[in-house]
Amino acid sequence: MPAGQFQITHTDGPARRGRLQTVHGEIQTPAFMPVGTQASVKSLSPQDLVDIGAEIILGNTYHLYLRPGHELVAQLGGLHSFASWDRPILTDSGGYQVFSLSALRKLTSEGVEFTSHIDGSRHWFTPERVMDVQVSLGSDIMMVLDECVAYDTNWDDTRKSVGLTTDWAKRSLQTYPLGSGNQLVFGIVQGGFYPDLRTRSVEEIAALPFSGLAIGGLSVGEPKEIMLDILAHTAPQLPGDKPRYLMGVGTPLDLVDGVAHGVDMFDCVLPTRNARNGTLYTSQGKINIKRQEFRTDENALDPACDCYTCRTFSRAYLRHLYTARELLAYRLNTLHNLAYYLQLMRRVRENIATGTFAELHREIRGVFEEPRESR
RNA sequence: GGAGGGGUACCCAAGUGGCCAAAGGGAGCAGACUGUAAAUCUGCCGGCGUAAGCCUUCGGAGGUUCAAAUCCUCCCCCCUCCA
């Protein structure tokens with residue numbers, strides 16, 4: 001199967017199971033992609049990631065451009081060789097940093113000027129330059145530069161941002177046309193929280209020859225219900241034959257909700273960041289390992305999990321490691337949270353294949369659905 | 001025995017007449033985190049109360065003052081130096 005080929009093998013309602021080919025191997029979808037911003041999934045080794053079944057990880061163009069620098073990475077043989085990770089890598093464009101580092105940047109139709117959060121130096125990012133940097137990095141999937149707007153952005157500004165994102169998408173493809181190398185390029189749909197603008201963005205982005213399409217700009221602080229509404233509005237409009245990637249999402253329930261709307265790929269910092277901050281995902285729900293109730297708890301973190309952390313240590317020990325700020329805490333917690341996410345995605349794929357995805361969806365809803373706020 | 005320094009909340013530590021239930025840290029307890037400027041951030045942290053407020057508290061006892069952690073007297077304890 002040539003790089004870029006996406007094959008759907010099973011469907012269960014809107015949910016799809018499939019596989020996406022890259023030169024560094026195939027990824028099973030629906031997939032969760034652990035985030036490794038600085039060419040490292042914090043606290044884990046590549047071997048750890050292989051052990052828990054990660055098939056693809058993320059890196060970040062903006063961060064790697066600033067440090068250690070894309071030329072250096074290229075000189076050292078590209079990201080895969082540099083980080084000793086021989087499976088697929090998706091690099092995010094820096095579009096999210098346009099949003100999250102908004103205080104440090106200036107946006108024009110031409111591109112973005114960033115003030116480095118590391119040393120204050122100025123850097124000029126354009127859609128073209130971001131593609132060049134990703135080519136230097138040698139990732140398997142490159143994301144185009146986009147503009148991700150805040151939740152409270154008005155219609156007019158969101159409309160402009162959709163126009164900009166489309167213009168940038170076209171410029172990205174001119175820099176790296178489909179088929180010009182082994183790297184795939186994904187376009188990104190924006191449109192904030194306005195259904196008409198989401199539709200417009202889908203029409204414009206889906207018309208371009210991308211290998212996959214992403215939904216950006218969700219989970220930026222909006223209520224969950226609104227996120228789901230926009231997702232339900234947007235995902236079905238995307239072409240069915242290309243992989244659909246919901247960027248930056250989310251909680252275990254968000255993933256399953258996304259799959260239910262036909263999403264194939266996800267990434268999110270939650271499992272890794274929360275692991276470092278003591279929040280762990282289990283088959284019984286979310287727990288905070290620092291809570292006093294675990295002080296003498298000799299049970300496995302999640303008795304239903306077969307990861308190294310759960311096979312080996314008690315909750316009492318994990319609590320101790322966390323409260324003592326022992327380095328092992330970060331590693332064991334991260335290992336477990338990602339193992340939980342990857343295990344969940346394996347179950348999602350199996351259930352789609354057997355036509356029982358709805359049951360799994362119900363189960364996960366039962367475990368993670370938060371009580372609605374009554375007003 | 002002499003000289004000096006010091007005893008403040010669970011711990012460390014500021015405060016030296018009213019704005020002090022008492023700064024800051026730590027510990028403790030709880031919460032947040034969604035394409036990672038995050039091993040970070042927020043809240044609570046003497047007692048009762050929803051609150052206004054009341055009560056108890058700055059080594060101990062007594063005193064001065066409208067008012068004392070803060071000034072005075074005596075006592076107890078700790079540290080440093082000298083003998």
Describe the nucleic acid contact of [X] in one word from base, sugar-phosphate, nothing, applying a heavy-atom distance below 4.0 Å.
| X | value |
| --- | --- |
| E293(A) | nothing |
| I118(A) | nothing |
| T279(A) | base |
| R319(A) | sugar-phosphate |
| N277(A) | base |
| G217(A) | base |
| L104(A) | base |
| D146(A) | base |
| S43(A) | nothing |
| L90(A) | nothing |

Please tell me which of the listed nucleotides, [options], lies nearest to the side chain of [X]?
| X | options | answer |
| --- | --- | --- |
| L270(A) | C33(B), U36(B), G35(B) | C33(B) |
| S100(A) | A37(B), U40(B), U36(B) | A37(B) |
| C268(A) | G35(B), A32(B), U36(B) | G35(B) |
| C148(A) | G35(B), U36(B), A32(B) | G35(B) |
| R276(A) | A39(B), U34(B), G35(B) | A39(B) |

Starting at atom [atom1] of [X], determine the distance to atom [atom2] of [N], rounded to an integer number of angstrom.
| X | N | atom1 | atom2 | result |
| --- | --- | --- | --- | --- |
| I289(A) | A39(B) | CD1 | P | 19 Å |
| N274(A) | A39(B) | CG | P | 12 Å |
| Q97(A) | A37(B) | CD | C1' | 9 Å |
| K290(A) | A32(B) | NZ | P | 10 Å |
| H117(A) | U40(B) | NE2 | P | 16 Å |
| D119(A) | A37(B) | CG | C1' | 12 Å |
| R325(A) | G28(B) | CZ | C1' | 12 Å |
| N337(A) | U34(B) | CG | P | 15 Å |

Is the closest basic N to carboxylate O distance between [X] and [Y] below 4.0 Å?
| X | Y | answer |
| --- | --- | --- |
| R347(A) | E363(A) | yes |
| E369(A) | R362(A) | no |
| R19(A) | E26(A) | yes |
| D196(A) | R200(A) | no |
| R331(A) | D48(A) | yes |
| R129(A) | D132(A) | no |

Name the orientation class of the two ring planes belonging to [X] and [Y] (parallel below 30°, tilted from 30 to 60°, perpendicular beyond 60°).
| X | Y | value |
| --- | --- | --- |
| F313(A) | Y317(A) | parallel |
| F368(A) | Y281(A) | tilted |
| Y62(A) | H117(A) | tilted |

Has R273(A) got a side-chain N or O lying under 4.0 Å from the OP1 or OP2 atom of U34(B)? yes
Just to confirm, is there a sub-4.0 Å distance from OP1 or OP2 of U36(B) to any side-chain nitrogen or oxygen of T37(A)? yes
Opposite nucleotide pairing with [N], Watson-Crick or G-U, both atom distances under 3.5 Å:
| N | answer |
| --- | --- |
| C19(B) | none |
| C54(B) | G47(B) |
| C71(B) | G63(B) |
| U36(B) | none |
| G1(B) | C82(B) |
| G31(B) | C41(B) |
| C10(B) | G26(B) |

Work out how far the [atom1] atom of [N] is from that of [M], and round it to whole angstrom.
| N | M | atom1 | value |
| --- | --- | --- | --- |
| A9(B) | C58(B) | P | 10 Å |
| A14(B) | G7(B) | P | 8 Å |
| G2(B) | C75(B) | P | 12 Å |
| U80(B) | G31(B) | C1' | 47 Å |
| U70(B) | G47(B) | P | 24 Å |
| A39(B) | C33(B) | C1' | 13 Å |
| A23(B) | U50(B) | C1' | 28 Å |
| A61(B) | C79(B) | P | 24 Å |

First encountered from the 5' end of RNA chain B, between Y62(A) and Q292(A): Q292(A)
